[in-house]
Amino acid sequence: MHSFDRMGRKVHYRLDGPEDAPVLVLSNSLGTDLRVWDAFLAALPGQWRVLRLDKPGHGLSDAPAADLTIAELAEDIAALCDAYGLRDLNFVGLSIGGMIGQELAATRPDLMRALVLMDTAAKIGTPEMWTTRINAIRENGIVSLEAAILERWFVPAFRKTDQFALWRNMLIRTDDFGYTACCAAIAAADLTESTRALTLPVMAMAGDQDGSTPPDLVRATAALCNAEFHLIENAGHLPCVEHPKHTAELIAAFFNRI
Ligand SMILES: O=C(O)CC1=CCC(=O)O1
């Protein structure tokens, strides 16, 4: 368990695996912490030096003092990579984590080797949609939206498993301000032009039942940067949780092939 200081707030991160292994960076979605990758990592073929971190107000990281931007969230990762001398990143970004990956690929191409966009897009939703969500959370807390969020995250069969209650706990224990600060970052971001200009290898995937970033939205972002696209069947917004083995094998094969 480690932390580093960024603009007066502590960022929780983990760096695991052999120092000489290829570097894998895993960037989480809104309302999840770095445990969203646990089953995926257990199923991942090969050896990797794995960096994971909690966004502000998520997991064990301090909440931010103000709204965030995707650029600031990307700088958190870049600062950590610079501090450790991590280069040639194989980056997997889930949802807002994928926006952070697109931003990093555009602004710090010296760091990046390849990018996987998991259930994400160059632009997610509309500013009005995010403002509605932010206001609802400010008034009534994240608990007031949990049912709708969890329906987008998981398919009905997964919502009947024992695990489901634990993922719900992760979501509702997210700091309300940390969550809305990240919503504000998504609301303000349109990465279409910078993603269109990317030249690194990109693979995209989406759960067939993802209610947050539906397959057609992810396909459209994949088309911007000539990414191959994979549809994950019987999956919602978090296919690394619902199908850890399948997604881990697809991603390892991509990083090993390019
Ligand atoms: O709709 C949700 O809550 C899921 C989501 C959208 C962006 C993100 O990171 O997660």
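Just so you know, ligand 1 is whichever comes first in the structure, and atom 1 is the first atom listed for that ligand.
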Novice: Heavy-atom contacts with ligand 1 below 4.0 Å: which residues, ordered by chain and residue number?
Specialist: S29, L30, S95, I96, W130, R133, I149, R152, W153, Y179, I186, S212, H237

Novice: Write out all pairs satisfying ring pair (Phe, Tyr, Trp, His ring centres under 6.0 Å) with one or both partners inside residues 15-40, taking only residues at least two apart or from two chains.
Specialist: W37-F40

Novice: Should D38 and R35 count as an ion pair when the cut-off is N to O under 4.0 Å?
Specialist: no

Novice: With under 30° as parallel and over 60° as perpendicular, where do the rings of Y13 and F4 fit, or are they tilted in between?
Specialist: perpendicular

Novice: Starting from L231 and following side-chain heavy-atom contacts under 4.5 Å between hydrophobic residues (I, L, V, M, F, W, Y), which residues can be reached?
Specialist: V218, F229

Novice: We want to know whether R49 and Y84 form a side-chain donor-acceptor pair, criterion being a heavy-atom distance below 3.5 angstrom.
Specialist: no

Novice: Output all residues satisfying side-chain hydrogen bond (donor to acceptor under 3.5 Å, both in side chains) with Q47, sequence neighbours left out; order by chain, then residue number.
Specialist: none

